[in-house]
Amino acid sequence: GASVGTRILFDTARLRLESSGSVLLAPASTTHPHLAWAIFQMRNGGQRFFFGSVHLVPNEAADSNAVRDAEWDQLLAYLPGLSQGLPVVLGGDFNSVRSGVGANNSALTHLPKMATAGVADTLLGEHDPAPADFKVADTRPTTPPLNANCMSHNAFIAAQRCVDPTLVGQQIDYLFGTNSLVVKNWEQVLDIDDAGNWIGTIPSDHNLIRATITLPGVTG
């Protein structure tokens, strides 16, 4: 319960957990802003890396954007010490749209801060914050990403479609990785029919973001 619901699940056959913890990113009066973190070692190869999961405050009050800015700044302040110089992978619900449009615009200033801190978005890298007309073809993964043109917040509404397939969607959920790591592929996990409609069961009000990222010393 220390992280108020933010969890890290991992494959025990592939990873060995070395240490873990949770830190509060804002005043205790808010319930969301925790960073759950862990340091893992690959059982096959021995590579070590830092993984974090975070949930920043949603738009639930007049000062939510200012609170979210402070949470994101606190996250950036914690990362160097917690990660111990290891490769970083960090994901979560940041409740701020990629292009910084609207009132919840923390991403506008903090996506570049993440890249400057050495932990860029795995989809766009140094191109963040992306304008609304940013092309999927210019994204970071070495293979074309899947469903990158979709919004990541679905509000439990199944009857939706993604935007122009050539344009990056307005996600509020991000997966970051150390700048030097190779991002092989990136996917927003959705079931989409031939007409472009979302189908199937929606397990969450946010769509899952997944990526394949190569750690130093790993081949293939």
Side-chain angles (χ1 to χ4, degrees), residues 1-9 21-37 51-79 82 88-115 117 119-124 128-132 134 147-163 168-176 186-190 198 201-211:
S3 61
V4 193
T6 302
R7 299 284 185 265
I8 296 174
L9 307 180
S22 175
V23 293
L24 185 65
L25 300 178
S29 58
T30 54
T31 58
H32 294 282
H34 286 77
L35 165 66
W37 63 270
F51 184 87
S53 180
V54 68
H55 185 185
L56 300 189
V57 69
N59 294 322
E60 56 189 15
D63 64 345
S64 291
N65 201 65
V67 172
R68 192 182 307 109
D69 283 340
E71 292 168 3
W72 212 327
D73 285 338
Q74 193 67 21
L75 169 65
L76 282 160
Y78 274 125
L79 270 181
L82 290 175
V88 171
V89 179
L90 172 73
D93 174 9
F94 287 77
N95 274 307
S96 184
V97 293
R98 184 179 291 284
S99 66
V101 174
N104 58 338
N105 57 11
S106 302
L108 192 63
T109 56
H110 287 82
L111 290 175
K113 286 183 180 181
M114 294 294 287
V119 189
D121 174 35
T122 55
L123 180 63
L124 265 64
D128 271 320
F134 193 86
N147 303 324
N149 59 313
C150 306
M151 292 181 63
S152 63
H153 178 236
N154 61 55
F156 287 116
I157 299 172
Q160 297 192 58
R161 303 181 72 180
C162 301
V163 299
V168 171
Q170 292 303 298
Q171 294 96 14
I172 64 173
D173 302 275
Y174 303 94
L175 188 61
F176 298 95
W186 186 100
E187 177 184 6
Q188 189 171 164
V189 181
L190 283 168
W198 297 7
T201 301
I202 297 179
S204 167
D205 62 337
H206 293 252
N207 302 327
L208 174 67
I209 306 295
R210 66 157 300 278

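It should be emphasised that the depicted structure is a prediction, and the values quoted were computed from it without experimental measurement. For the numbers below, each heavy atom of this structure counts, side chains included, while hydrogens, waters and symmetry mates do not.
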With a 3.5 Å distance limit and no angle check, can you tell me whether Q188 reaches the backbone of C150 through a side-chain donor-acceptor pair? yes
Which atom pair, heavy atoms only, marks the closest approach of N149 to C162? ND2-CB, 3.4 Å
Is there a donor-acceptor contact under 3.5 Å linking the side chains of S106 and D69? yes
Are H153 and D93 close enough that a side-chain donor and a side-chain acceptor fall under 3.5 Å? no
Under a 3.5 Å distance rule, please check whether D63 uses its side chain to pair with a backbone N or O of A66 as donor and acceptor. no
Do the ring planes of W72 and F176 sit parallel (below 30°), tilted (30 to 60°) or perpendicular (above 60°)? perpendicular
Correct closest heavy-atom pair for M114 and L79 would be CE-CD1, 4.5 Å
May I ask you to decide if H206's main-chain N or O and S204's side chain share a donor-acceptor pair within less than 3.5 Å? yes
Will you find, in the side chains of N105 and N65, an N or O donor that is under 3.5 Å from an N or O acceptor? yes
Testing the basics here: between Y174 and A107, what is the closest heavy-atom pair and its distance to 0.1 Å? OH-CB, 3.8 Å
Counting only N and O atoms by type, is there a donor-acceptor contact under 3.5 Å from the side chain of S152 to the main-chain atoms of I172? yes
Pairing donors with acceptors under 3.5 angstrom, does anything connect the side chains of N154 and D205? no
Taking the six-membered ring for Trp and the full ring for Phe, Tyr or His, determine whether the centres of W37 and F51 are under 6.0 Å apart. no
For side chain to side chain contact (heavy atoms under 4.5 Å, CB included), just list the numbers for L175 and L123, CA-CA rounded to whole Å, side-chain angles, deciding distance to a tenth of an Å, and then say yes or no. CA-CA 8 Å; L175 188 61; L123 180 63; over 6 Å; no
Donor-acceptor check, side chain of T6 to backbone of A36, threshold 3.5 angstrom: yes or no? no
Backbone of L56 reached by a side-chain donor or acceptor of N95 within 3.5 Å: yes
Which heavy atom of L90 sits nearest a heavy atom of S53, and at what distance? CD1-N, 4.0 Å
Using only heavy-atom distances, determine whether the side chains of Q171 and R98 contain a donor-acceptor pair under 3.5 Å. yes
